Structure formats: C-alpha cells, structure tokens
Amino acid sequence: MTRPATALACGLTLSIILHAPLALAKTPVATGTGGAVATISEQASQSALAILNKGGNAIDAAVAAAATLGVTDPFSCGIGGGGFMVIYLAKDKRAITIDSRETAPASFTPAVFLENGKELDYEKAIASGAAVGVPGTVRGWHEALERYGSMNFKQVLAPAIDVATKGFTVSDTFSHLTQQNEKKFQQFGTTSALYLRGGKAVKPGTLLRNPDMAKAYREIAARGQRAFYEGPMARAIVDAVNRPPAAQGVSVRPGRMTLADLANYEARIRQPVVSTYRGYEIVGMPLPSSGGVTVAEALNILEGYDLKAMPRAQAEHLYLEASRLAFADRNAYLADPEYVEAPVAGLLSKEYAKGRRAAIDMQRAALNVAAGDPYAFQQDPSVPLRPQLPQRRLGQESAHTTHFTVSDKEGNIVSYTFTIESWGGSGIVVPGYGFLLNNEMTDFDFSGPHPNVPEAGKRPRSSMAPTIAFKDGKPAFTIGSPGGSTIITTVLQTIVNHIDFGMPMDQALNAPRLSERNGATTSVEPGFPGSAQARALAAFGHKWANGPEHPPEEIGAANAIVFNPDGTVTAVSEGKRHGIGSALVQKRAH
Ligand code: GLU
C-alpha cells in the first residue's frame, strides 16, 4: 500500500535553503578544567557546552547535544531511533546504563523478513515501514533527565530548537551522505522535500533549516515524552510506518505498528557489563547490545599476552585474532536478554578466555573460527541448556550512527551511542515532524534458528559500545564509536592503542583502524592495503577486504574524554575522519 505523492504535501513544512558562510572551525582535541564534550558536530558540542555553562550537569548536556545531533547529523541519529547510554554518577560512585533500543511492534513474528520462505533482499527491507522499530530515544532522554539530570526538556532542547530553526551549514560530509542516499530518499516525498533539491543532494555551503523538527522538539519541550508517544505525533509516526509516504509509482513494504506499541514503549535501566583489563575497570553496555560483552571477552583474551613487549605486527595479529574469537561467540549467542538466556557470565570469565586464547596461532591468522562453549564457565545453574547453534556468517550490517561523550565539573560522565541504523534509517521522514524513522528491525537475523530472530516486543541485537574506563576507582577515559559491528573493533582497538601501546588518546583515535569480525577478510580503511603495516600483518596470513564489493572505507567516528592525573580533562574527537569532530572544555588550559 503506498500513498500517492499528492497526499503528503499536507503537514510538510519545506526547509529553506540559503547560501551561508562557512561552517564553524572545529577543534578535535581540547584540554582544560570543568566539563568537557566531544561530538562529531560543532553545533552539538556547543549545545552541550551552553548547558554546562548554565549549570546543567553531564546528563542535561548530553540530551542537549543529542537533540542537536538529530538536527545536524539526521542521517545517523535522532528521535526516530534508539540508543544506549552509560552514565557515571560521581557522587554515588556508580555507573548505570539506559537502554532505549527500539522494540519490535506487537505484530512482529520470526517470519517478518521472509517471503515465500526466503530472506527478503536487505536493501529493500531497509527502505520500508516494516523495518521501523518503536523509537526509544525520547523515552531514553526522559529517563536520563528525570532520574539523573537537573534540568527539564524545555531547557535542554532549547539549543537544538535554535539550530533547527535558524539552520546550519551543510558540510561536505553531509552533502556526500545525502548523495549516497539519493535513491532511498527519492522514494519518499517528505524526505526528498527536506534533503533533496530537484531529486539531488543539497550542496555543501547551503543553510539547511528544519522547522518541522523544531516543532517536534517544541512539543516535547512543552508536554514531555508523552508528546512523542501519544497524540498527534504518535499518530503521524504510526501512519508513516503503516502507509509510508512513498513517491508516486514507488511501492514500499508497509509496517504494522499501532498506537499501543508507542504508548507501551519503555526504556530499560540496566546494570552495566563490568570487566577488568590490566588494572583498568571497563564499564560497558550490556545486552541487547553485544558491545560490552564482546569488547570484554576480546580484552580478556588479550590480557594473557604482554602486548607492549612485542613487535607491533605481532601484537596487532593477536588483536585481530582475539577479536575474531570474540565475534564468533557474539554471532552465535548474543541477543535480547529478555527473550534469550545468553551465557554472559561464561563469555566474561577469565578462565573461558584462557581456553579461547589457546586456540590462537601466534604466527597464523585463522580466517574463520567456531564459537566456543561458554556454558561450562557460567557457574549459573539457572542456565542448563547448551543449545547447538548453527555457525553463522556475519549478517549484513550498515555502519552508521553517532557516538559522543560529556563530563561535568562534578565528575559525572555520559558515554552515549544512538542511531537510526543505516544512513538515513528507513528513509522515511515523518510528515510534519521532520525526523527520519529508523530501520533498526533489520538488525535482527532474518531467519533462524538463531537467538536474534525477530519477535514481538523484542529488541534486535546491537553492537553499540559506549564505554567508561576506571583506574584505581577513578574515571580514566571514555570511548565509543559508530560503525555497526565495527563499533566493537574500534572501541577494542582504541583501548589497546591507548593502554598497551601507550598512545595518547588522539593518536589512539587517529591510527588506521582494522576490523576483524571472524570473516575471511579484515575491513580496513583507504590507503591501508599496501602500507608497511599491512605488509607486516599479511605475513601472518591476514587478508584485507579490498575488492569492488567491499572497498576500504572510513571505519567509525569515535569520541573520547581522558581524565588526566593532574585533574584536567582532555576531550578528543576524530582528527581526520567524518569531516573532523569537535572537542570542547569549559575552561581551556593554555
Ligand atoms: N544498528 C547498529 C547497531 O545497533 C548501529 C548502526 C550502525 O552503527 O551502523 O549496532
């Protein structure tokens, strides 16, 4: 069922494009005192800083930054999606997480992505109402503010409303991403009207306003999260999912979402995954994100080697192999813990890691390994089953999202990754409200048997890995990144670069990224194949994804904060990738 293009002009406020001055200069590293923020967007970092300067805490500033990212980076995140937030509460000296992952509508069954018994084409499944999960972001912000913030929606959404109303300058990266998604966006009238001009991507240097998104934020500012989950905005979402605003002649698979699905949505407060690595305490995101568990398992495997005493290529070979083993387990076992009894304790056990380590050949890449048996290490009699799971190849995943981090002068910290899944999510902009709906449901495995098959109310397994590391009971650094399943390897590699190779965080972030997810080839970035580092690793049998189907591309867009022993903080964003990130501190050290 498609809706004729003529019907969607209603409620659609056109954005106005004007020529504007160049974007603000970004600084990817900043050291100083007070609060700190690192995001991929100058405006989002400025929003967080403005809230910190008004006396808001890290949680308030995080929501302000997130809402602004929804305006300036709408293809990676926004209120049409979901995410995972790790919060450190300085006064209580404890960390807690908020899971605002999208849930499957009540109409979902394991067969939702099958047609005549066959898996649907992945790209077709993305640009559809059927791919849209019940968005969790607004509920997540609500929980964060209500429980741990000091300001209300009205205060923290003000900077984002300002950016959406006054507009922002389209960057090269933004224009390029729009261009990459022209075909998807052309399928939806609301989306073309907002981000395309005559069917083509908006050009760099133009001023892009999004008054509809400003309206959506104003409604949330006035009425709280209910403005999103009940009433006119909820009806507009359900309508866009079930009757996607497809352009004339375009047929798009509709979803089956109800107002009850939205009204019933709940974010979850979850205990973090806590592991240790060489004297650091690593606090990460639990299931349904596989991020925390997989990073922890790989670090446990690596802990048995003296990486810093080894030639770099030897150490990097081990990093790739540890990641491969952890991914084999992630792919086999991890899914929504409310639906599946995943053997998390076993996967996190140091003894289990020892056994996995024994499978590594010091000189030879394994190329593909089987999942291990963590059940013997569960020490949890409530998990008696040892399901024989089929070997899975890594499902298709897109590599987009945003991650950022904020701290305040009291020492509270937020590490937050949120997304709408693919670049531009499902491609559907909700009529009248200016935000894109996610395609998070394609993070489910399309067919089983597998713990991560679609089910009503279930949350698809994620890779998001917002992380905070502690040393001697004090915050040491935060790290996180976008990038689909490469999120896990980016976080893992940055931790190894920083802790084992002793790189300052900016170098740890800017180093070439290698992502091994138990495939025959390792994902690498442009310029890597043929380099001396690549040749040294090739001697161990590693092979690079370097063909026309998987050309090297930028991996991730990480953001970090380092808490220095002298009491200063260093905010670190990307120095090269994704158009360079923006790091700010309240009081800059000179
Ligand atoms: N959907 C992905 C996940 O939850 C994130 C999107 C991405 O980074 O590509 O892991």
Side-chain angles (χ1 to χ4, degrees), residues 26 28-29 38 40 73 75-76 171-174 176-177 179-180 291 295 298 312-313 315-324 327 365 367 394 396-403 417 419 422-423 463-465 479-498 500-501 503-560 572-581:
K26 291 175 171 176
V29 182
I40 211 65
D73 289 60
F75 307 143
S76 352
S171 65
D172 289 344
T173 307
F174 187 104
H176 179 68
L177 288 176
Q179 196 197 339
Q180 274 187 350
V295 168
R312 185 61 61 85
E316 284 174 349
H317 162 66
L318 295 174
Y319 149 68
L320 293 174
E321 294 305 282
S323 178
R324 180 192 308 285
F327 259 91
L367 298 188
L394 188 66
Q396 295 196 62
E397 273 183 74
S398 328
H400 335 97
T401 292
T402 198
H403 173 84
T417 315
T419 190
S422 296
W423 290 125
S463 300
M464 291 186 256
I479 181 69
S481 177
S485 53
T486 71
I487 290 171
I488 291 168
T489 55
T490 294
V491 168
L492 176 63
Q493 191 181 1
T494 309
I495 291 174
V496 169
N497 284 347
H498 187 58
D500 292 290
F501 303 156
M503 294 183 193
M505 193 54 92
D506 56 333
Q507 282 177 33
L509 243 69
N510 291 331
R513 290 194 180 127
L514 315 174
S515 180
E516 177 48 64
R517 284 135 35 233
N518 198 27
T521 58
T522 302
S523 302
V524 292
E525 300 189 289
F528 183 79
S531 66
Q533 192 186 1
R535 284 199 304 276
L537 279 166
F540 291 85
H542 293 285
K543 294 187 171 48
W544 317 125
N546 194 18
E549 269 193 39
H550 299 288
E553 49 182 41
E554 248 178 31
I555 297 176
N559 282 291
V572 186
S573 193
E574 293 285 357
K576 292 184 290 195
R577 298 180 183 88
H578 207 81
I580 301 183

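Source: prediction; values computed, not measured. By convention here, the first residue in the shown sequence is residue 1.
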**Item:** Ser573 and Asn559: side chain donor to acceptor below 3.5 Å
**Value:** yes
**Item:** Distance-minimising heavy-atom pair for Ala38 and Ala560
**Value:** CB-O, 3.7 Å
**Prompt:** Backbone N or O of Asn510 within a donor-acceptor pair of the Lys576 side chain at under 3.5 Å?
**Reply:** yes
**Prompt:** Is there side-chain contact between Pro551 and Asn546, with at least one heavy-atom pair below 4.5 Å?
**Reply:** no
**Request:** Calculate, to the nearest 0.5 Å, the distance between atoms CD1 and CG belonging to Ile487 and Leu492 respectively.
**Result:** 13.5 Å
**Item:** Atom pair CG/NE2 of Leu177 and His400 - distance to nearest 0.5 Å
**Value:** 8.5 Å
**Request:** Measure up the Trp544 and His542 rings against each other and bin them: parallel (under 30°), tilted (30 to 60°), perpendicular (over 60°).
**Result:** parallel
**Asked** Do His550 and Ser523 come within less than 4.5 Å of each other through their side chains, counting heavy atoms only?
**Response** no
**Message:** Can a side-chain donor-acceptor contact be found between Gln493 and Glu316 if the only test is distance below 3.5 angstrom?
**Reply:** no
**Request:** Work out which heavy atom in Leu509 is nearest to a heavy atom in Arg577; give both atom names and the distance.
**Result:** O-NH1, 2.7 Å
**Item:** Where Gly291 and Ala465 come nearest, the two heavy atoms and their spacing
**Value:** CA-CB, 3.9 Å
**Request:** Could you grab the distance from atom OG of Ser171 to atom CD1 of Ile580, nearest 0.5 Å is fine?
**Result:** 11.5 Å
**Request:** State, with a plain yes or no, whether a side-chain heavy atom of Ile488 is found less than 4.5 Å away from one of Phe327.
**Result:** yes
**Prompt:** What is the distance from atom CZ of Arg513 to atom OG1 of Thr522, rounded to the nearest 0.5 Å?
**Reply:** 16.0 Å
**Item:** Separation between OG1 of Thr173 and CZ of Phe75, rounded to the nearest 0.5 Å
**Value:** 11.5 Å
**Short side-chain donor-acceptor distance under 3.5 Å, Thr402 and Ser76** = no
**Prompt:** side chain to side chain contact (heavy atoms under 4.5 Å, CB included) between Glu525 and Glu553: does it pass, once the steps are laid out?
**Reply:** CA-CA 5 Å; Glu525 300 189 289; Glu553 49 182 41; over 6 Å; no
**Request:** Of all the heavy-atom pairs spanning Ser481 and Val491, show the shortest one and how long it is.
**Result:** N-CG2, 4.3 Å
**Message:** Can you give me the closest heavy-atom contact between Ser485 and Ser463, atom names plus distance?
**Reply:** CA-OG, 3.4 Å
**4.5 Å side-chain heavy-atom contact, Glu574 and Glu554** = no
**Message:** Contact between Leu537 and His317 at the side-chain level, heavy atoms closer than 4.5 Å - yes or no?
**Reply:** yes
**Request:** Over all heavy atoms of both residues, which pair between Ala534 and Pro529 is shortest? Give the atoms and the distance, please.
**Result:** CB-CA, 4.2 Å
**Asked** Do Thr419 and Met464 have side-chain heavy atoms sitting under 4.5 Å apart?
**Response** yes
**Asked** Counting only N and O atoms by type, is there a donor-acceptor contact under 3.5 Å from the side chain of Lys26 to the main-chain atoms of Gly581?
**Response** no
**Message:** Arg324 vs Glu516, test: side chain to side chain contact (heavy atoms under 4.5 Å, CB included). Steps then yes/no.
**Reply:** CA-CA 6 Å; Arg324 180 192 308 285; Glu516 177 48 64; 3.2 Å; yes
**Asked** Out of curiosity, Trp423 CH2 to Gln180 CD, how far, rounded to the nearest 0.5 Å?
**Response** 8.0 Å
**Message:** I'd like to know if the side chain of His403 reaches the main chain of Pro482, judged simply by a donor and an acceptor atom lying under 3.5 Å from each other, with no hydrogens or angles considered.
**Reply:** no
**Item:** Any side-chain donor near an acceptor of the partner, Arg517 and Thr489, under 3.5 Å
**Value:** no
**Message:** Please check this pair: side chain of Ser323 against backbone of Leu320, looking for a donor-acceptor N/O pair closer than 3.5 Å.
**Reply:** no
